[in-house]
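These notes concern the structure reproduced below.
Numbers here simply count residues along the sequence, with the first being 1.
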Amino acid sequence: MDRQAQQELQRWKAAERRKPLVVRGARQVGKTWLMKWFGRTAYENCAYANFEGNERLRRLFSGDLDAARIISGLAIETGTTIQPGRTLLILDEVQEVPRALTALKYLCEDAPEYHVIAAGSLLGVALHSGVSFPVGKVDFLDLHPMNLLEFIEALGERDLADLCRRRDWDLIAAFRGKYEDLLRQYYFVGGMPEAVSAFRDSRDTGAARAIQERILAALELDFSKHAPNAVVPRIRLLWNSIASQLSKENRKFIYGLVRKGARARDYELAMSWLIDCGLIHKVTRVTKPNLPLKAYEDFKSFKLFALDMGLLAAMTSLDARSLLEGNRIFTEFKGALTEQYALQQLKSTSRMPLHYWSRDNGMAEIDFVIQHGGSIVPVEVKAQTNLQAKSLQSYRARYDPPLAVRTSLAPYRVERALADIPLYGLPRLNDAIDDIFAQRKESA
């Protein structure tokens with residue numbers, strides 16, 4: 001299955017000032033597959049070292065971190081001759097040996113001719129546990145679950161995915177029914193590669209759900225295995241509350257829904273652990289949609305989203321028959337799945353943090369506000385073709401943004417400073433915004 005990150009890896013390889021690359025992402029989003037694919041297709045050979053439970057590697061990095069010594073030891077461990085520019089050196093689950101992360105600094109400074117990629121499912125946790133990290137000596141690549149276009153391609157509909165990438169909106173509208181069918185399937189299957197692969201091969205929602213449940217069980221085991229014992233019960237409670245938090249009309253996170261009487265300080269560590277693992281996304285409120293957005297964050301008000309909408313559907317036991325019942329799937333949980341979907345697409349294509357905006361009195365709220373170049377763009381997410389957006393009208397009247405985006409099942413349209421982007425066009429939202437601004441400049 002093709003991933004858009006493959007192109008980023010090719011650019012990394014070609015970069016003149018290339019540094020060791022750290023791939024960040026939650027468990028089972030496809031990091032190992034992606035790295036091995038890259039080593040197999042872009043290099044003469046690949047030296048793969050998995051640090052999980054490997055005492056030899058632990059001993060190797062417990063001594064001198066001289067780059068030549070490390071390369072020599074890894075060549076022996078992997079049984080591969082490691083040649084500069086010809087071999088891809090992969091260090092997987094590298095957080096298991098913290099000194100291996102420190103060693104990336106020396107590989108960058110003293111052996112830049114070697115091509116090195118490191119990854120780990122719990123890297124975020126390791127970095128917040130006092131690990132000496134080589135700041136400024138590595139490049140980063142964040143890997144998320146597959147977005148809608150990657151899912152469409154995996155199902156053999158490459159032409160439909162390419163239409164979205166080209167943003168041929170007239171032709172996209174002609175195939176609107178196909179896109180909506182694929183979107184329904186994605187709402188249920190989600191973007192975890194193993195679940196997508198099972199669904200692609202069998203077209204059986206039951207096969208995808210079985211894998212989702214297995215992934216959820218594995219994550220629960222991770223809580224017990226890797227988190228501090230005292231925090232594990234709170235991690236589970238917080239994790240299992242995500243669906244109920246999103247099902248509310250106002251999706252602002254409320255500690256009292258985790259456990260009656262709960263307070264922020266009771267769950268701060270549990271929340272940080274889940275965020276560091278990449279299992280939840282925290283979207284904070286901004287009091288004003290001004291540049292830079294981070295300067296206007298209200299840290300007390302935020303929403304929490306799941307890693308993947310397929311896993312969220314499995315956590316809530318969403319019935320697969322919803323796929324066959326018109327547009328019901330787009331309105332399940334009062335639109336919670338649609339907002340989760342939008343979050344997932346935006347996360348997969350933007351490196352900028354996401355925020356939302358609401359008035360102090362709570363009478364108006366915009367689902368997402370994004371910083372796009374020198375502009376702040378509000379994004380209102382609507383289920384089905386419902387274009388009633390009173391909050392967006394209020395926001396526009398108050399701040400007069402250069403562009404506002406409304407996303408729903410309605411077709412593409414731009415009228416003055418308001419753009420309707422179909423939900424299945426969200427993976428290319430940044431490009432669509434660039435197109436609109438460029439067209440304005442041409443017509444000015």
Side-chain angles (χ1 to χ4, degrees), residues 145 183-192 205 208-209 212-213 215-216 219-220 234-264 266-267 270-271 274-275 279-285 300-323 325-347 354-358 362-368 379-386 388-391 407-409 423 426:
L183 188 57
R184 288 187 187 91
Q185 294 170 28
Y186 182 77
Y187 269 43
F188 184 87
V189 177
M192 300 303 280
T205 55
R209 174 55 56 83
Q212 291 164 348
E213 291 174 345
I215 292 173
L216 290 172
L219 295 177
E220 290 271 355
R234 293 176 185 179
I235 290 175
R236 287 204 173 99
L237 285 170
L238 185 59
W239 170 248
N240 289 321
S241 79
I242 298 296
S244 62
Q245 298 279 352
L246 291 176
S247 69
K248 299 186 284 89
E249 192 68 35
N250 177 356
R251 292 185 246 286
K252 174 186 171 183
F253 185 83
I254 298 174
Y255 286 98
L257 288 181
V258 180
R259 185 176 58 81
K260 187 175 180 179
R263 295 169 295 181
D266 298 330
Y267 285 89
M271 187 180 300
L274 288 168
I275 291 171
L279 296 180
I280 60 174
H281 297 294
K282 186 178 183 180
V283 177
T284 54
R285 172 180 178 259
K300 293 182 180 179
S301 299
F302 57 89
K303 304 177 188 178
L304 292 184
F305 292 88
L307 160 70
D308 174 67
M309 62 188 314
L311 295 183
L312 180 64
M315 290 168 73
T316 57
S317 300
L318 177 65
D319 192 338
R321 288 178 297 179
S322 296
L323 291 171
E325 296 178 5
N327 286 337
R328 176 186 162 196
I329 196 168
F330 297 119
T331 55
E332 288 288 340
F333 313 129
K334 300 178 182 178
L337 279 178
T338 302
E339 199 167 328
Q340 168 73 39
Y341 164 80
L343 175 283
Q344 205 161 321
Q345 306 317 296
L346 296 175
K347 274 288 184 183
L354 297 175
H355 303 277
Y356 77 97
W357 170 88
S358 66
M363 296 301 291
E365 180 178 308
I366 299 299
D367 299 309
F368 299 103
V379 180
E380 181 76 349
V381 180
K382 308 299 291 184
Q384 298 184 282
T385 55
N386 174 17
Q388 296 299 314
K390 293 181 180 179
S391 290
T407 182
S408 68
L409 291 180
L423 285 166
L426 272 188

*Report the C-alpha distance between Leu337 and Leu318 in whole Å, list the side-chain angles of each, state the deciding distance to 0.1 Å, and finish with yes or no for side chain to side chain contact (heavy atoms under 4.5 Å, CB included).*
CA-CA 11 Å; Leu337 279 178; Leu318 177 65; 3.7 Å; yes

*asked:* Just so I know, are the side chains of His281 and Leu354 near enough to count as touching, which here means a heavy-atom distance under 4.5 Å?
replied: no

_Ion pair check, Glu339 and Lys303, cut-off under 4.0 Å_ = yes

*asked:* Quick one, Gln245 and Leu304 - any side-chain contact, counting heavy atoms below 4.5 Å?
replied: no

*Going by the ring-ring contact (aromatic ring centres under 6.0 Å, His included) test, name the single residue among Phe305, Tyr187, Phe368 that passes it with Tyr341.*
Tyr187

_CD1 on Ile242 to OG on Ser247, rounded to 0.5 Å_ = 11.5 Å

*Atom pair CG/NZ of Leu257 and Lys248 - distance to nearest 0.5 Å*: 6.0 Å

*Spacing of CZ belonging to Phe302 relative to CZ belonging to Arg285, to within rounding of 0.5 Å*: 13.5 Å

*Any chance you could measure Asp308, atom CG, to Leu343, atom CG, to the nearest 0.5 Å?*
11.0 Å

*Does a side-chain heavy-atom distance below 4.5 Å link Tyr255 with Arg263?*
no

_A side-chain contact here means heavy atoms from C-beta on lying under 4.5 Å apart; do Arg184 and Phe188 qualify?_
no

*asked:* Please give me the minimum heavy-atom distance between Ala270 and Leu238, naming the atom from each residue.
replied: C-CD2, 4.0 Å

*Thr284: what forms a side-chain hydrogen bond (donor to acceptor under 3.5 Å, both in side chains) with it, not counting sequence neighbours?*
Glu297, His355

*asked:* Would you say that Leu426 contacts Val381 through its side chain, given a criterion of any heavy-atom pair below 4.5 Å between the two side chains?
replied: no

*Could you go step by step and tell me if Leu312 and Leu246 meet the side chain to side chain contact (heavy atoms under 4.5 Å, CB included) rule?*
CA-CA 10 Å; Leu312 180 64; Leu246 291 176; 3.9 Å; yes

*asked:* Could you report the tightest heavy-atom contact between Ser391 and Ala364, atom names first, then the distance?
replied: OG-CA, 3.5 Å

_Shortest non-hydrogen contact from Gln344 toward Gly191_ = NE2-N, 4.1 Å

*Is Ile235 close to Leu274 at the side-chain level, that is, under 4.5 Å between some pair of heavy atoms?*
yes

*Heavy atoms from other residues, nucleotides or ligands near NZ of Lys282 exceed 12 (cutoff 6.0 Å)*: yes

_Contact summary for Leu219 and Trp239, nearest pair of heavy atoms_ = CD1-CZ2, 4.0 Å

*Take Leu307 and Met192 through the side chain to side chain contact (heavy atoms under 4.5 Å, CB included) test and state the conclusion after the steps.*
CA-CA 9 Å; Leu307 160 70; Met192 300 303 280; 4.0 Å; yes

*If you round to the nearest 0.5 Å, how far is CG of Leu423 from OG1 of Thr338?*
6.0 Å

*Is it true that a side-chain atom of Ser358 and a backbone atom of Glu365 form a donor plus acceptor pair closer than 3.5 Å?*
no

*Measure across Gly190 and Met309 and return the closest heavy-atom pair with its distance rounded to 0.1 Å.*
CA-CG, 4.1 Å

_Less than 4.5 Å apart, side chain to side chain, heavy atoms only: is that true for Met271 and Ile280?_
yes

